[in-house]
Peer 1: 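Right, I'll just put the structure down here and ask away after.
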Amino acid sequence: MKADVYDLVIKNGLIVNADVSFYADVAIKDGKIVALGSFFRAAQEIDAKGLYLLPGGIDIHTHLEMPFMSTFSSDNFESGSKAAAMGGTTTVVDYAMQEKGDSLSAALKKWHEKAANKCHIDYGFHLGLTDIDENILTELESLTQEGVSTVKLFMAYNNALRCPDIKLLEVFNALKKLQILSMLHCENGDIIEYLSKKLVNDGNTAPIYHSVAHTAECEAESINRAAIYSKIFDLPIYIVHLSSKEGLQVIYDHFKRGVRIFTETCPQYLILDDSLYNKEFLEASKYVMSPPLRGKDSIEALWKALACGMINVVATDHCPFFLKQKELGKDDFTKIPNGAPGIETRLVLIFSEGVRKGRITKEQFVKCCCLNPAKLAGLYPSKGAVAPNFDADLVLFDPNKKWQIMKSHLHENVDYTPYEGIQVTGAVVDVLLRGQWLVREGSFVGGKITGNYLRRTKVI
Ligand code: URP
Ligand code: ZN
Ligand code: ZN
């Protein structure tokens, strides 16, 4: 191409992809990466010397403005997507939740209304199935035409989101024909209900008892059941937010026998441990999420599994609640809204705790935060790599900048971060969405930019 045909050229950066890293200039036109190489000229050129050029982060597990446990998660698509962009994430796949009695199209409509013209980054939806009957099983057939190639099923949250096993089997039967991937919240809802009631009746109402009720065995047992169902139907499954070494062992055992299981974990399970539940109510309630935080042995096991490819994706499960909302459970841990923020801090935490501490390579970091999420959510090959024909979703990342995470620096609509005070190395400098600047030199400049709804392709 001759001089000035490109809209933008980013020069001198180290391109980090999931397979290999190399120096090259990136030429962008009409929102796409059109060439990698050198000696390009363009209307606009920027120098990325000393910086990494990463594919935009892809977070395929978020809950924006979700009605849950008598309240709503506190980030909407506007605030949550701005925070995501500030942290280097350019695509989210959020859970469109079916409310009791709703059709799937009604659930999707609600989520489209929440996101359209508000979300600053590209977005898609998984369908969270919570009320299944014959009509819903039939309606599943229309999902892929709506651009939805994944559904979530909850094996926990009795009397709320939970899908009973008999229905789970019916859904699996339908998904097998439709080639839709199921994303499973694996915890044994009955054990949790039984233990929670017993604990509360005995006067054990503090947040720490949330982690006692949600034992690692609950997770392991539920993963085992899901894997057996997966085997019966010869249907791959995706386990969301894996938290424990016990659950990991079960995945490994089934994996060896040929069951196709994809696994996601989240920064909280790789970084924070269950000693945080020993604090007083408000402090401990910050970490009440399902599944809960585990011990340091689980943390190290999860990092090793990420390094060897047993864990495919790091997503956030971003589900923030203000401390005022957490107070709903001050006399009873079962009433504390489950969830924590994290949409803004994922890339920096995984880079700092993972790459800089030598647990994973920078290419593995890109694999679990960008490429694999793109592939498993049906967004590949337009998202997930810095390569010709991919969307120009790019993060200019300083691998050496040291800073301390503090809520006062973040943009999530909530009054705390679980990572307060953690020293990190690595910082997002610039972020581009399809060639347009969302973040420049650490400041949000994407106020007028709205993301596209992504029609996702089948992944299985
Ligand atoms: O505690 C959590 N994880 N809240 C969000 C809902 C879910 O289970 O993913
Ligand atoms: Zn879940
Ligand atoms: Zn979740």
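Note that the structure is a prediction, hence the values are computed from the model and not measured. When a ligand or atom number is given, it counts from 1 through the structure's own listing order.
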Peer 1: Of all the atoms in ligand 1, which lie at a distance below 4.0 Å from a heavy atom belonging to His241?
Peer 2: 8 (O), 9 (O)

Peer 1: Should the pair Glu221-Arg225 be classified as a salt bridge under the 4.0 Å nitrogen-to-oxygen rule?
Peer 2: yes

Peer 1: Would you kindly specify which portion of Lys152 sits under 4.0 Å from ligand 1, judged on non-hydrogen atoms: side chain, backbone, both or neither?
Peer 2: side chain

Peer 1: Under 4.0 Å between a side-chain nitrogen and a carboxylate oxygen: does that hold for Asp102 and Lys109?
Peer 2: no

Peer 1: Please list the nearest protein heavy atom to atom 4 (N) of ligand 1 with its residue and the distance rounded to 0.1 Å.
Peer 2: Asn338 O, 3.0 Å

Peer 1: Is Cys319 close enough to the Zn ion (ligand 3) to have an N, O or S atom under 2.8 Å?
Peer 2: no

Peer 1: Parallel, tilted or perpendicular for Phe397 and Phe365, by the 30°/60° rule?
Peer 2: tilted

Peer 1: How does Tyr157 reach ligand 1, if at all, at less than 4.0 Å between non-hydrogen atoms: by side chain, backbone, both, or neither?
Peer 2: side chain

Peer 1: Compile the donor-acceptor pairs under 3.5 Å between side chains in residues 172-183 and protein atoms, sequence neighbours left out, one pair per line.
Peer 2:
| from | atom 1 | to | atom 2 | distance (Å) |
| --- | --- | --- | --- | --- |
| Lys176 | NZ | Phe233 | O | 3.4 |
| Lys176 | NZ | Asp234 | O | 2.9 |
| Gln179 | NE2 | Ile460 | O | 3.1 |

Peer 1: Quick one: nearest non-hydrogen protein atom to atom 3 (N) of ligand 1, plus distance?
Peer 2: Asp317 OD2, 2.6 Å

Peer 1: What protein heavy atom sits nearest atom 1 (O) of ligand 1, and how far off is it?
Peer 2: Ser290 N, 2.7 Å

Peer 1: Would you say the side-chain atoms of Thr316 and Arg346 include a donor-acceptor pair closer than 3.5 Å?
Peer 2: no

Peer 1: So, Lys324 and Asp415, do they make that salt bridge, N to O below 4.0 Å?
Peer 2: no

Peer 1: Using the six-membered ring of Phe321, assess whether NZ or CZ of Lys326 lies under 6.0 Å from its centre and within 45 degrees of the ring axis.
Peer 2: no

Peer 1: Taking only heavy atoms of Met289, which atoms of ligand 1 are found under 4.0 Å from at least one of them?
Peer 2: 1 (O)

Peer 1: Give a yes or no on whether a salt bridge exists between Glu412 and Lys407, defined as a side-chain N under 4.0 angstrom from a carboxylate O.
Peer 2: no

Peer 1: Any luck finding a side-chain donor-acceptor pair between Asp165 and Tyr229 under 3.5 Å?
Peer 2: yes

Peer 1: Closer than 2.8 Å to the Zn ion (ligand 2), which protein N, O or S atoms?
Peer 2: Lys152 NZ, His185 ND1, His241 NE2

Peer 1: Examine His112 together with Phe125 and report whether their ring centres are nearer than 6.0 Å.
Peer 2: yes

